[in-house]
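This report concerns only the one structure given below.
All residue numbers in this chain count up from 1 along the given sequence. Both counts, for ligands and for their atoms, begin at 1 and track the order of listing.
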Amino acid sequence: MSKYILALDQGTTSSRAILFNHEGHVHGCAQQEFRQIFSHPGWVEHDPDDIWQSQIDVARQVMQECGAAASDVAAIGITNQRETTVVWDRATGAAIGNAIVWQDRRTAGICDALREAGHAELFQRKTGLVLDAYFSGTKVKWLLDNVPGARARAERGELAFGTVDSWLISKLCGEHVTDTSNASRTLMFNIHTLAWDDELLALLDIPRSMLPRVVASSEVVGHTHAALFGQPLPIAGIAGDQQAATFGQACMRSGMAKNTYGTGCFMLMNTGADAITSHNNLVTTVGWTSGNGGRADTTYMLEGSVFMAGAIVQWLRDGLGIIQSSAEVEALAASVPDTDGVVFVPAFAGLGAPHWDAYARGTIVGMTRGTTKAHIARAALASIAYQTVDILSAMQNDSAIQLEELRVDGGASRNDLLMQFQADVLGVPVIRPVVTETTALGAAYLAGIAVGFWRSQQEVAAQWRMERRFEPNMGNDERAQRLRQWHRAVERSRAWVE
Ligand SMILES: Nc1ncnc2c1ncn2[C@@H]1O[C@H](COP(=O)(O)OP(=O)(O)O)[C@@H](O)[C@H]1O
Ligand SMILES: O=P(O)(O)OC[C@H](O)CO
């Protein structure tokens, strides 16, 4: 009887592999950071070979360190940084260039042109997405238009496109697939029919032959090459990292939501079988597809994505040098009672939901001669919480759901000061679970359910345990006054790049 599920969590800054046991506890973990490539202002790239090599290295490392044999592993679940785009040669398996990362802004002009031609509503209606450089579609177009010879090769059927899940699976087992949650982030996928859309492909000028086969998030899609782990292992779960975290947080019912505080902040609310169209600049996305993979087996979500969250703390550390480690930000921010009027808008990579302004830039306002690094650190943490408030109010307007509690995870959710402030300005309790590796856990659950390691969603949901609950403790007047000030500062950051 196999003892573990192996989750591969390919994130923006590192690749992780985690072995989970039947109780959903972490048995072992290995992690490797890899290179971030910033060759032009606003560009962010990864070398696809670094992605693959770091991921397979940590997978083998965790097995070795735990003394686990391939026969101890019931299945592999894969979860990944989403939208990041890889194009490779089908015959050789070699990428035609670097991966264009989700944070990369180079295709903002392509999005502007599509919007000016009046196509925004069509893209939103079919894909649930906003026309923004964040999503994969315009990144594929850019590669075809800018890598010499790529378009002709694509038209001859020689090239394959994939998000990071597809890239890893093609290396692991030779299949060219993606799941519905990853497909729903590409601007090419109709989330209502669960199929690639020819009208959108024509607008983006992308040949259909490049696209992967779409599969459910919880099904066996192939077996790894025997040489990789000593014997073939089934790949049985795939989900984009934010959807996987929602599953790992056991937000299985409509109206439940989680927020992940990593590099960026991603809040997802389960809306069940309803793909709710946002009127407040959120995106509608596939959470996961189980069972037979049809629409009836699909759970939809509303999502708000914020581009800079924990990354602001990294900037305080590496850019300003006012802290030595991310964890130190809490003590520095707590050394002053408030920000003394300083407001920080971290639009370093433009603003994501609900503002969608690719041309906004980072701004610190309200400084006086009395301003210290502690006020700036506190304002940086506050900005993470305020961005989350903007997302939740948009979500509540779109769905008419009043959130009862917000489940949280991700590196910055360890910060108690931030979590208390988050509960205060949201006016909603914030709840942190015992297992905060929710992304990998969600992928493990999706894979484990597909192979019978766990029986059902109900069984895995019952494993979720709370570690700490933060109750809101701020008056309505103070909350309103702070949010008014935040929104004035956001206005000042907007449309800065000409
Ligand atoms: N105590 C802390 N307070 C605030 N931010 C933190 C703290 N610890 C880590 N972080 C931030 O959390 C992020 C790392 O979280 P993680 O979930 O690993 O991110 P990702 O998966 O996006 O790489 C970093 O940006 C880091 O600066
Ligand atoms: O790799 P992460 O955890 O920063 O997540 C990235 C998101 O999937 C981008 O949409």
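- With hydrogens and angles left out, the side-chain atoms of Asn259 and Thr388 include a donor and acceptor closer than 3.5 Å.
- A salt bridge links Arg469 to Glu471: one of the charged nitrogens lies within less than 4.0 Å of a carboxylate oxygen.
- The closest side-chain heavy-atom distance from Tyr261 to Gln422 is below 4.5 Å.
- At a 4.0 Å heavy-atom cut-off, the residues surrounding ligand 1 are Thr13, Gly262, Thr263, Gly310, Ala311, Val313, Gln314, Ser326, Ala327, Val329, Gly410, Gly411, Ala412, Arg414, Asn415, listed by chain and number.
- Salt bridge annotation for Asp416-Arg468: present, with a cationic side-chain nitrogen under 4.0 angstrom from a carboxylate oxygen.
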Check: every ligand 2 N/O to protein N/O pair under 3.5 Å:
unit_1: ligand 2; atom_1: 1 (O); unit_2: Thr12; atom_2: N; d: 2.8
unit_1: ligand 2; atom_1: 1 (O); unit_2: Thr12; atom_2: OG1; d: 2.6
unit_1: ligand 2; atom_1: 1 (O); unit_2: Asp241; atom_2: OD2; d: 3.2
unit_1: ligand 2; atom_1: 3 (O); unit_2: Asp241; atom_2: OD2; d: 3.3
unit_1: ligand 2; atom_1: 4 (O); unit_2: Thr12; atom_2: OG1; d: 3.0
unit_1: ligand 2; atom_1: 5 (O); unit_2: Asp241; atom_2: OD2; d: 2.8
unit_1: ligand 2; atom_1: 5 (O); unit_2: Gln242; atom_2: NE2; d: 3.4
unit_1: ligand 2; atom_1: 8 (O); unit_2: Arg82; atom_2: N; d: 3.1
unit_1: ligand 2; atom_1: 8 (O); unit_2: Arg82; atom_2: NE; d: 3.0
unit_1: ligand 2; atom_1: 8 (O); unit_2: Asp241; atom_2: OD1; d: 2.5
unit_1: ligand 2; atom_1: 8 (O); unit_2: Asp241; atom_2: OD2; d: 3.3
unit_1: ligand 2; atom_1: 10 (O); unit_2: Arg82; atom_2: NE; d: 3.2
unit_1: ligand 2; atom_1: 10 (O); unit_2: Arg82; atom_2: NH2; d: 3.0
unit_1: ligand 2; atom_1: 10 (O); unit_2: Glu83; atom_2: OE1; d: 2.7
unit_1: ligand 2; atom_1: 10 (O); unit_2: Glu83; atom_2: OE2; d: 3.4
unit_1: ligand 2; atom_1: 10 (O); unit_2: Tyr134; atom_2: OH; d: 2.7

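- Ring pair Phe266/Trp102 is perpendicular by interplanar angle, where above 60° counts as perpendicular and below 30° as parallel.
- In this structure the side chain of Thr371 reaches within 4.5 angstrom of the side chain of Ile376, judged on heavy atoms.
- With contacts defined as side-chain heavy-atom distances shorter than 4.5 Å, the pair Tyr445/Phe20 does not qualify.
- Within 6.0 Å of NZ on Lys126 lie more than 12 heavy atoms contributed by other residues, nucleotides or ligands.
- Ion pairing between a basic and an acidic side chain is recognised when a charged N comes within 4.0 Å of a carboxylate O; Arg317 and Glu328 show no such pairing.
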